[in-house]
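Note sheet for the following structure.
To find a chain, count down the sequence lines: A is the first, B the second, and so on, and within it residues start at 1. Both backbone and side-chain heavy atoms feed into the values below; hydrogens, waters and symmetry mates do not.
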2 protein chains.
Amino acid sequence: MYTESVENYLKAIYKLSSRQGGGYASTKAIAEVLEVRSASVSKMLQRLEKMGMVHHRSYQGVQLTSQGRRIALRTIRRHRLLETYLYEVLGYSWEQLHSEAELLEHYISDLFEAKIDEALGFPTHDPHGDPIPSKEGKMPDIQHIALANVEVPGEVVIARVPDSSAQFLCYLKEVGLLPKVSLKVLRKEPFNGPLLVVLGDREQVIGREVAGKIWVKKKRDLIDGGRIDEENS
Amino acid sequence: MYTESVENYLKAIYKLSSRQGGGYASTKAIAEVLEVRSASVSKMLQRLEKMGMVHHRSYQGVQLTSQGRRIALRTIRRHRLLETYLYEVLGYSWEQLHSEAELLEHYISDLFEAKIDEALGFPTHDPHGDPIPSKEGKMPDIQHIALANVEVPGEVVIARVPDSSAQFLCYLKEVGLLPKVSLKVLRKEPFNGPLLVVLGDREQVIGREVAGKIWVKKKRDLIDGGRIDEENS
DNA sequence: ATCTAAAATTAGCCTTGACTAATTTTAAAT
DNA sequence: ATTTAAAATTAGTCAAGGCTAATTTTAGAT
């Protein structure tokens, strides 16, 4: 078992380095995410290097090793499974989820992880819609369109539409989202505002209500090393 | 929130000092329970004293303050609620219970405690039959006769008999355990062996099968400060 | 090509909670 | 009343993981 601190550093590095293509996280960014000073980060990076968790090029940045990524993904998996369990089974409210999961993710056992996974029916996404990595460290390849990464807009394909009412499907056809097309998410407004997407040669606004029911999948050539999603939660 | 270490010391002191009437725990005994060296205990006791958790008379022993007892009981409550939840809801096996609860007891929130308490229907005893302290730090006053403290044999009264089949009640009457009488537990054999109890002027052997269905209550004048049970679990 | 500000690192300190070794206190046996 | 062994405490060390202050490196502006 690794310490809470080590797991939090690995999680932060994972999220930061997958946020942009480069794959390197800076000391300063890590310090900001974890709310510690840069000096503490520098020191920890050396310890993580010794443990074989990261490749650290001094003054350049860090990257996870496969070992480091394994632990980061395991921690993220536990966080998201916990949030799902707290929400679905124990009736936590939205705001109470994060802080509980953020701590417990470091202390539950493999068995606990397996038990809640089973109790939930092996979910692929948490209550925020974020993908839950598999036990083997693979991210599910579909996600809510509303969560598709906007900073690095990429083409996605509609993969699943859980509301199969005639009314809803009709509406999707009307605006040209069905039959399944490839599209690009251009811009998201905050606070459940609408999305702006590119459909072939034109743009289309999609309300959040609708967006919440559309699951997309990145186009195959855009997936690099299973690193699909990097939203925080 | 207190550290895992602090909570474990308080739990150990609680259990040791209620194991015998005196109410003091020795440095050596604490060291043995926690599997650390005596020197480490001495140092921690000074820290706990400063925190207002214990009264420590050098070379004599320690006792919890009411503040210390509050934290110890809260930790024990969480441990036993967790074990009950893991067993009843998540389907843990007997042997898997302890280690998971032993760690998580330090990291769950008040809310988590309340949620699993509610999900279990506010249980008073864990799967081992050990009493679960209330949120206010009161031990339920009944327990399985099989768990009644043998080192300090005390008189107890039969308080509850959950198996109300005519057959079972008949048997209890036959051996003189019903209608409710006062009795004293003399000796327990290990490995689910029988109990030997004193009933008025004679002794009676009770098999574990039967014992498991008899709940007793200490006689009022034997209860000191709510400190009724001190089995480990 | 140089300068400078931001980023990163190093050096040194602190607390927690372990440890060992040395010392002190207590209590039991003579 | 001494002696002595066990128990307890103190002194000093170590690793994690924070911190501040000082220094070094990098990269962007001139």
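- Across the interface with DNA chain D, nearest-nucleotide mapping of Q60(A) and R47(A) shows R47(A) to be the residue nearer the 5′ end.
- Computed from coordinates, the I30(B) CD1 to dA8(D) C1' distance equals 11 Å when rounded to whole Å.
- A donor-acceptor pair under 3.5 Å links the side-chain atoms of Y92(A) to the main chain of F112(B), judged by distance alone.
- In this model, the phosphate group of dT9(C) is approached by a side-chain N or O of H56(A) to a distance below 4.0 Å at OP1 or OP2.
- Remark: side-chain polar atoms of H106(A) are paired, donor with acceptor, to backbone N or O of E102(A) under 3.5 angstrom.
- E7(B) and K11(B) are not joined by a salt bridge, as no carboxylate oxygen comes within less than 4.0 angstrom of a charged side-chain nitrogen.
- Between R37(A) atom CZ and dG18(D) atom P there is a gap of 13 Å when expressed in whole angstrom units.
- Per the geometry, CD belonging to E7(B) stands 15 Å off C1' belonging to dT16(C), to the nearest Å.
- Nucleotide dA8(C) holds its C1' atom 11 Å from the CD atom of Q46(A), rounded to whole Å.
- S5(B) comes within 4.0 angstrom of sugar-phosphate atoms only, judged by non-hydrogen atoms across all strands, and of no base.
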Apply side-chain contact (heavy atoms from CB on, under 4.5 Å) to K115(A) and V89(B), showing your working.
-> CA-CA 10 Å; K115(A) 289 288 191 185; V89(B) 180; over 6 Å; no
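- Of the listed nucleotides (dA11(D), dG17(C), dA27(D)), dA11(D) has the atom at the smallest distance from the side chain of A39(B).
- Contact annotation for S40(B): base contact, defined as any heavy-atom pair under 4.0 Å involving a base atom.
- In this structure, of dA16(D), dA8(C), dA18(C), it is dA18(C) that holds the atom nearest to the side chain of V36(B).
- At dT25(D), none of the side-chain N or O atoms of S58(A) fall inside 4.0 Å of OP1 or OP2 (strictly under the cut-off).
- Between the C1' atom of dA5(C) and the NZ atom of K28(A) lies a distance of 12 Å, rounded to the nearest Å.
- Straight-line distance from the NZ atom of K43(A) to the P atom of dA16(D): 10 Å, rounded to whole Å.
- In this structure, S42(A) does not reach the dT10(C) phosphate: none of its side-chain N or O atoms is under 4.0 Å from OP1 or OP2.
- Under 4.0 angstrom from either OP1 or OP2 of dA7(C) there lies no side-chain N or O belonging to S38(A).
- If you take CD of E32(B) and C1' of dA7(D), they are 11 Å apart, rounded to a whole angstrom.
- Atom OH of Y9(B) is separated from atom C1' of dG17(C) by 7 Å (rounded to the nearest Å).
- We find that D110(B) and R78(B) are joined by a salt bridge, their nearest charged nitrogen and carboxylate oxygen being less than 4.0 Å apart.
- Picking from dT25(D), dG17(C), dT10(C) the nucleotide with the shortest atom distance to the side chain of Y59(A) gives dT25(D).
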